[in-house]
Amino acid sequence: MTEIRKGQQPAELTREQFHERFMRRFFDPAFRDEDEAIARLEDIAWQAMKDGRKAPRTRLAGPGFKDASYALSVEWLEARQRLETAQQRWADPATRSRVLLVCASDRNDGSCAGEMSKTWRLTQLAREQLSRRDLIVDVLDLSLMTSEYGREIHPCKGCVSTAMPLCHWPCSCYPNHALGQSSDWMNEIYERWVSAHGVILFTPTYWYQSPSALKLMIDRLVCADGGNPDPTTTHGKTVAEAKAMEASGWSYPKHLAGRVYGLVVHGDVAGVEGQRRDLADWLDWMGLIDAGPSSALDRYLGYYQPYFDSHEALDRDTALQQEVRRVAEAVGDAVRLLREGRLPTPERRPVRPK
């Protein structure tokens with residue numbers, strides 16, 4: 001077996017360092033009347049970190065898992081059950097079709113930005129177009145991370161690069177209560193992706209690339225492409241077991257394959273085409289199916305123009321508005337063909353280790 005490399009782990013926090021970080025969330029003077037209560041909570045949190053109580057509530061995995069006697073996180077088991085139910089609903093021909101619209105701008109008028117994003121307006125154009133059909137339209141607004149309390153997507157820890165079976169589906173890295181990483185949006189987001197027959201991403205271009213919230217979601221969706229649905233096979237995060245599993249052959253299950261997708265990428269200076277290609281490559285790799293030539297759009301909006309009146313630029317750009325509606329129509333048509341079993345699917349490349 002290959003050597004497990006060690007040496008990067010940081011030193012443990014001292015009690016003083018922990019106190020400083022814990023108290024940052026209580027900077028508001030309004031908390032001062034409760035300093036004694038906060039100190040008691042801090043002692044509990046300190047001990048939880050020292051003891052590594054990542055998943056303080058567990059139950060035996062039970063039937064359906066390789067090691068039924070292994071204790072799994074209650075939160076992970078509940079998320080897994082929701083995904084299984086969503087997948088069954090997705091596959092049931094009697095259910096209504098569902099399209100997920102992802103608004104990937106970090107901006108909204110409930111945050112410091114003080115104004116809605118143009119991406120939100122483009123998303124609403126598609127929602128209105130699809131609402132004319134007999135399907136469910138689900139709008140996922142990633143900008144809520146910037147404007148709602150406790151709305152977070154934690155970063156991917158890169159378990160895949162240690163061994164593919166160490167990356168669990170759904171992700172078992174969070175919540176991590178020992179480190180205070182308790183608010184994680186991804187279990188809900190996984191369910192919404194699994195439930196969707198079609199997905200359209202709407203995104204601005206930030207410095208030639210995807211906005212922060214979108215990139216966080218993309219990275220955390222890595223478990224949908226090859227992730228291990230049974231953490232008892234690796235007894236949690238046992239590195240040696242995961243490496244041995246991959247060495248003996250791994251199937252790389254594609255948990256979101258078969259959905260259709262569309263893309264609307266916009267920007268004001270540069271980078272829209274590169275981002276659109278990157279997103280399409282990512283979705284293709286996961287086994288999603290593009291909805292045809294009119295379903296992927298990259299356009300400049302207010303090209304090299306001022307920012308303060310950019311919404312007026314969108315008002316004037318009726319051609320772009322119509323193209324966005326066509327993306328929605330293309331995805332709606334592809335979803336109908338998918339449900340009828342008449343959608344041509346591209347030949348998948350064989351799955352094998354890199």
Side-chain angles (χ1 to χ4, degrees), residues 3-59 70-79 106 111-112 142 144-163 165-168 170-190 212-213 215-223 227-228 231 234-243:
E3 177 187 356
I4 298 172
R5 311 303 173 95
K6 300 285 190 178
Q8 189 182 352
Q9 181 176 342
E12 286 190 7
L13 294 181
T14 65
R15 188 65 180 85
E16 292 73 22
Q17 290 171 321
F18 182 87
H19 171 73
E20 179 185 354
R21 296 187 187 185
F22 185 84
M23 290 302 295
R24 287 173 188 166
R25 71 193 68 189
F26 304 111
F27 177 78
D28 189 330
F31 287 109
R32 295 292 68 79
D33 289 342
E34 301 297 334
D35 276 345
E36 291 185 5
I38 292 170
R40 292 194 293 273
L41 293 175
E42 181 183 332
D43 286 339
I44 295 171
W46 164 254
Q47 199 58 51
M49 188 195 74
K50 292 286 289 181
D51 295 345
R53 294 202 296 268
K54 173 186 175 182
R57 294 178 58 198
T58 61
R59 67 170 182 259
Y70 185 75
L72 291 172
S73 162
V74 168
E75 291 168 297
W76 185 87
L77 285 166
E78 291 172 349
D106 292 339
S111 68
C112 305
L142 295 181
L144 297 183
M145 288 180 61
T146 68
S147 60
E148 277 194 359
Y149 180 84
R151 185 73 78 182
E152 298 177 68
I153 297 176
H154 291 289
C156 174
K157 296 179 180 178
C159 298
V160 167
S161 293
T162 294
L166 200 65
C167 179
H168 300 144
C171 176
S172 66
C173 292
Y174 305 101
N176 186 328
H177 295 281
L179 297 181
Q181 298 164 340
S182 55
S183 296
D184 187 63
W185 198 5
M186 282 306 299
N187 280 341
E188 177 189 328
I189 291 174
Y190 292 137
S212 305
K215 189 56 169 63
L216 283 167
M217 183 186 72
I218 288 171
D219 288 351
R220 291 289 303 286
L221 279 165
V222 66
C223 57
N228 180 0
T234 57
H235 294 94
K237 295 287 185 174
T238 305
V239 171
E241 291 183 8
K243 285 182 178 290

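Positions are given from 1, in the same order as the sequence printed here.
The only option from Asp184, Asn176, Asp219 that meets the side-chain contact (heavy atoms from CB on, under 4.5 Å) definition with His154 turns out to be Asp184.
No more than 12 heavy atoms of other residues, nucleotides or ligands sit less than 6.0 Å from atom NZ of Lys215. Remark: Glu188 CD is packed, more than 12 non-hydrogen atoms of other residues, nucleotides or ligands lying under 6.0 Å away. The neighbour count for Arg57 CZ, taken as heavy atoms of other residues, nucleotides or ligands under 6.0 Å away, does not exceed 12.
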| task | Show your reasoning for whether side-chain contact (heavy atoms from CB on, under 4.5 Å) applies to His168 and Cys159. | result | CA-CA 9 Å; His168 300 144; Cys159 298; over 6 Å; no

| message | Would His177 and Glu75 count as a side-chain contact (heavy atoms from CB on, under 4.5 Å) here? Give the steps. | response | CA-CA 11 Å; His177 295 281; Glu75 291 168 297; 2.9 Å; yes

| request: Please lay out, stage by stage, how Arg220 and Cys171 fare under the test side-chain contact (heavy atoms from CB on, under 4.5 Å). | output: CA-CA 8 Å; Arg220 291 289 303 286; Cys171 176; 3.6 Å; yes

| query | Passes side-chain contact (heavy atoms from CB on, under 4.5 Å), Leu216 versus Glu152? Steps please. | reply | CA-CA 10 Å; Leu216 283 167; Glu152 298 177 68; over 6 Å; no

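The two residues Leu166 and Gly236 have their closest heavy-atom pair at CD1-O, 4.4 Å. Contact detail for Ser73 and Ala55: the closest heavy-atom pair is CB-CB, 3.8 Å. Annotation for Met49 and Leu179: closest pair CG-CD2, 4.1 Å, computed over non-hydrogen atoms. Val160 and Cys167 get closest at one heavy-atom pair: CG2-CB, 3.6 Å. The nearest pair of heavy atoms linking Ile153 to Ala213 is CD1-O, 4.4 Å. Nearest approach of Phe22 to Leu41, heavy atoms of both residues: CZ-C, 4.0 Å.
Between Asp43 and Arg40 no salt bridge is recorded (no basic side-chain N to carboxylate O distance below 4.0 Å). Comment: Glu3 does not engage Lys243 in a salt bridge, judged by the lack of any side-chain N to carboxylate O separation of less than 4.0 angstrom.
Between Gln181 and Cys173, every side-chain heavy-atom pair lies at or beyond the 4.5 Å cut-off. Residues Gln47 and Arg53 have side chains in contact (heavy-atom distance under 4.5 Å, counting atoms from C-beta outward). When side chains are defined from C-beta on, Ser183 does not count as touching Tyr149, because their heavy atoms never get closer than 4.5 Å. Annotation: side chain of Arg15 is in contact with side chain of Glu42 (closest heavy-atom distance under 4.5 Å).
Separation of atoms CE (Met145) and CE (Met217) is listed at 10.5 Å; rounding is to 0.5 Å. The structure places CD of Glu78 at 12.0 Å from CG of Leu72, a figure rounded to the nearest 0.5 Å.
For the pair Arg24 and Phe27, the cation-pi test (distance below 6.0 Å, angle within 45°) is failed.
Thr238 contributes no side-chain N or O that, together with a main-chain N or O of Glu241, makes up a donor-acceptor pair within less than 3.5 Å. Side chain of Thr146 to backbone of Asp106: a donor-acceptor contact under 3.5 angstrom is found. One N or O on the side chain of Asp28 and one on the backbone of Ala30 form a donor-acceptor pair closer than 3.5 Å. Under the 3.5 Å distance criterion, the side-chain polar atoms of Tyr174 are left unmatched by any main-chain donor or acceptor of Asn187.
Every ring pair (Phe, Tyr, Trp, His ring centres under 6.0 Å) that Phe31 has, sequence neighbours left out, goes to Phe26.
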